[in-house]
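Being a predicted model, the structure only gives us computed values, none of them experimental. Computed over heavy atoms, backbone and side chain alike; hydrogens, waters and symmetry mates excluded.
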Amino acid sequence: MRYYALACDYDGTIALNGKVDEQTMAALEHTRNSGRSLILVTGRELDDLMRVFPRIDLFTRVVAENGALLYRPESREAIALAPPPPPELIAELQARKVAPLSVGQVIVATWEPHETTVLETIRDLGLELEVIFNKGAVMVLPTGVNKASGLLAVLDELGLSPHNVVSIGDAENDHAFLRVSECAVAVDNALPSLKARVDWVTTRDHGAGVEELIKRLLADDLRSLAPSQARHQIALGKRDDEVVSIDSYTTTILLAGPSASGKSTFATSFMERLREQAYQFCIVDPEGDYQQLQGAISLGDSRQPPVLDEVLKLLEQPSQNVVVNLLGIVLEDRPAYFEKLLSALVSLRARTGRPHWLVIDEAHHLLPTSWSPVRVTLPQALHGLMMITVHPDHVSGAALSFVQLLIAIGPTPKETLRSLARALDRPVPADPPGHLEAGEAVAWRLNLDVPPFVFESIPPQGERRRHVRKYAAGELPPERSFYFRGPKGKLNLRAQNLSLFLQSAEGVDDETWMFHLHQGDYSRWIRTAIKDDELSQEIAQIERLNLSPQESRARIRERIELRYTGSA
């Protein structure tokens with residue numbers, strides 16, 4: 001499964017006029033019986049909720065008071081996630097005749113039109129509190145407490161990632177928890193502002209809309225909604241001006257190329273973007289190449305083998321990434337250790353959906369041609385997998401059968417493509433790319449009828465920092481330098497980096513500066529020589545404005561310093 005939890009708002013979502021009908025409750029029960037957790041996320045106070053909704057036991061956890069209270073129906077425990085409201089606030093609101101006024105364990109709530117009085121009271125008392133609106137309700141909570149913070153607290157307790165949650169709501173205060181969920185859905189009666197920001201809007205309202213979502217969830221685990229979730233794709237690089245990316249959930253990658261061709265560099269960059277998007281990964285590292293990988297804990301070294309139980313204990317935490325270093329295991333014993341690890345990871349995935357990605361370096365050794373997953377129960381399609389190898393034809397056919405995307409690295413990708421084609425017993429692509437420059441790779445989408453293509457990969461952060469320093473203070477070759485020449489070509493002032501460009505920009509006369517500005521020369525140079533499309537677009541916007549020489553210089557300097565020279 002991809003979605004291990006369904007998070008629902010109460011009023012206006014599963015409930016109409018405060019009541020949940022029998023059909024909706026039956027659909028919720030079907031969801032729970034499918035092995036998924038049900039999480040109720042509501043602005044109501046707990047006592048009030050239990051009074052109007054006796055079947056609260058349907059839910060694994062309840063987030064009440066708009067994120068401030070966590071309730072465990074099975075044990076009937078209620079845990080405040082923030083401090084109680086200040087007594088002086090309640091006393092002052094009562095003195096100012098704000099009524100009705102409801103006080104929960106954390107929340108203080110009233111109704112419009114008392115919002116102005118509430119805001120003035122908070123200001124006059126100097127309190128650090130937030131006001132949240134919900135279809136006429138006015139709720140006061142500690143700063144940072146909302147439905148998103150409450151949902152994240154529940155997921156942390158259940159060992160689930162937000163990437164494995166689908167959420168549904170209808171009103172202003174639902175924006176927060178829908179935004180942190182992998183899939184966000186609004187019922188048909190939702191506010192237009194909410195409908196505009198979700199992945200899907202049901203065709204029916206209230207509980208019937210929730211039933212509609214549950215039907216799709218149980219039918220195909222919402223695979224049919226994947227095209228609307230492009231924001232979750234993982235970028236690999238660029239092809240011309242288009243981003244080359246993959247689905248964050250369904251893809252299996254084989255990364256191949258000769259030794260020292262840049263496979264570790266590509267994999268490091270890929271895992272950096274997984275980390276940035278909060279997808280959990282586990283990398284199996286036979287040679288200790290990823291021991292210093294940022295954002296991950298490395299277990300094992302040349303003297304100490306990694307302990308399987310310690311690996312799994314770390315991975316139980318949804319936000320923790322792990323490097324499994326096999327240097328402490330003798331070479332011939334590594335495949336056996338890996339098989340135990342793989343079996344445990346498949347089991348963990350079946351229970352939690354994590355780790356979202358498994359990266360296997362030296363796959364030709366850990367998954368040799370003799371490997372058969374007889375002793376490991378594998379799903380029909382093993383997604384979220386990257387295998388890295390020098391020899392694609394030395395990798396198990398059973399493992400290669402999962403591959404959807406080949407990424408070839410190195411100067412001779414044609415040989416890598418041929419090797420994989422032989423291993424898969426399929427035709428070699430016609431006219432495969434012959435030679436690659438540094439930083440380039442070839443993508444061959446095996447599941448699509450398209451020829452392989454070359455793209456420019458994204459360098460890892462360390463290389464990007466060197467890239468920044470090079471362009472800020474290094475020396476570009478003459479053909480990539482900028483030349484201030486002016487309208488009549490009288491000047492030939494060369495700027496071989498961004499720092500010199502800014503110095504020269506201050507020194508040239510206004511006529512020369514404006515000549516290049518109006519021609520779009522500055523944004524063009526940034527795009528073609530510096531290869532920074534984002535900065536180029538920002539400067540192009542400045543070039544199109546009717547600014548004075550002084551103002552345009554100042555704005556362009558500001559944008560360049562913000563991205564380059566200020567950090568160099």
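- For the pair Leu326/Leu366, a side-chain contact is recorded, criterion being any heavy-atom separation below 4.5 Å from C-beta on.
- Listed here is the closest heavy atom pair of Leu400 and Pro392: CD1-O, 3.5 Å.
- At distances below 3.5 Å, not a single donor-acceptor pair connects side-chain atoms of Arg351 with backbone N or O atoms of Ser347.
- Listed for the Ser343 side chain is no donor-acceptor partner under 3.5 Å among the backbone atoms of Glu339.
- Residues Leu81 and Val145 are not in side-chain contact: their nearest non-hydrogen atoms beyond the backbone lie 4.5 Å or more apart.
- Counted by atom type alone, His163 and Glu182 present one or more donor-acceptor pairs between their side chains at under 3.5 Å.
- Remark: side-chain polar atoms of Glu272 are not paired, donor with acceptor, to backbone N or O of Gly295 under 3.5 angstrom.
- Under the 3.5 Å distance criterion, the side-chain polar atoms of Arg354 are matched with a main-chain donor or acceptor of Leu315.
- Proximity of Val395 to Val403: side-chain heavy atoms (C-beta onward) are nowhere separated by under 4.5 Å.
- Looking at every heavy atom in both residues, Phe455 comes nearest to Gly237 through CD1-CA, 4.0 Å.
- For Glu77, the CD atom is densely surrounded, since the number of other residues' heavy atoms within 6.0 Å is greater than 12.
- Without hydrogens or angle criteria, Thr60 side chain to Leu38 main chain gives a donor-acceptor distance under 3.5 Å.
- Looking at Arg273 and Ser269, their side chains do bring a donor and an acceptor atom within 3.5 Å of each other.
- Applying the 6.0 Å contact sphere to CG of Asn17 captures no more than 12 heavy atoms from other residues, nucleotides or ligands.
- Minimum heavy-atom separation, Val103 to Glu45: O-OE1, 3.7 Å.
- One side chain, His356 or Asn164, offers a donor N or O that lies under 3.5 Å from an acceptor on the other.
- The neighbour count for Arg426 CZ, taken as heavy atoms of other residues, nucleotides or ligands under 6.0 Å away, is above 12.
- At most 12 non-hydrogen atoms from other residues, nucleotides or ligands lie less than 6.0 angstrom from CG of Asp47.
- Cation-pi geometry between Arg44 and Tyr10 is not met: the NZ or CZ atom fails to fall both under 6.0 Å from the ring centre and inside 45° of the normal.
- A salt bridge is absent between Lys135 and Asp11: the closest approach of a Lys/Arg side-chain nitrogen to an acidic carboxylate oxygen does not fall below 4.0 angstrom.
- Gln320 contributes no side-chain N or O that, together with a main-chain N or O of Leu314, makes up a donor-acceptor pair within less than 3.5 Å.
- Between Arg216 and Ser224, some side-chain heavy-atom pair lies under the 4.5 Å cut-off.
- His232 and Ser248 share no side-chain donor-acceptor pair at under 3.5 Å.
- Across Val166, Leu213, Ile168, a single residue satisfies side chain to side chain contact (heavy atoms under 4.5 Å, CB included) together with Trp200, and that is Leu213.
- Judged purely by distance below 3.5 Å, without hydrogens or angles, the side chains of Asp170 and Thr13 pair a donor atom with an acceptor atom.
- At most 12 non-hydrogen atoms from other residues, nucleotides or ligands lie less than 6.0 angstrom from CD of Glu456.
- Here the side chains of Phe281 and Leu293 are in contact, with some heavy-atom distance below 4.5 Å.
- Counting heavy atoms of neighbouring residues, nucleotides and ligands inside a 6.0 Å radius, atom CZ of Arg204 does not exceed 12 of them.
- At a threshold of 4.0 Å, the pair Arg55-Asp57 counts as salt-bridged, since one of the basic side-chain nitrogens sits closer than that to a carboxylate oxygen.
- The backbone N or O of Thr252 sits less than 3.5 Å from a side-chain atom of Gln404, completing a donor-acceptor pair.
- At least one donor-acceptor pair closer than 3.5 Å links the side chain of Asp285 to the backbone N or O of Tyr290.
- A pairwise comparison of heavy atoms in Val41 and Ala7 identifies CG2-CB, 4.2 Å as the closest pair.
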Please tabulate, for side-chain N and O atoms in residues 22-30, each donor-acceptor pair with protein atoms closer than 3.5 Å (sequence neighbours left out).
{"residue": "Thr24", "atom": "OG1", "partner": "Asp21", "partner atom": "OD1", "Å": "2.9"}
{"residue": "Thr24", "atom": "OG1", "partner": "Glu211", "partner atom": "OE2", "Å": "2.8"}

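- The main-chain N or O of Tyr71 is never found under 3.5 Å from a side-chain atom of Arg61 such that the two would form a donor-acceptor pair.
- A salt bridge between Arg36 and Asp221 is present, with a side-chain N of the basic residue lying under 4.0 Å from a carboxylate O of the acidic one.
- Using a 4.0 Å cut-off between charged nitrogen and carboxylate oxygen, Asp361 and Lys263 do not count as a salt-bridge pair.
- Under a 3.5 Å cut-off, the side chain of Asp199 and the backbone N or O of Ala184 do form a donor-acceptor pair.
- Side chains of Phe177 and Val63 form no contact here, defined as non-hydrogen atoms less than 4.5 Å apart.
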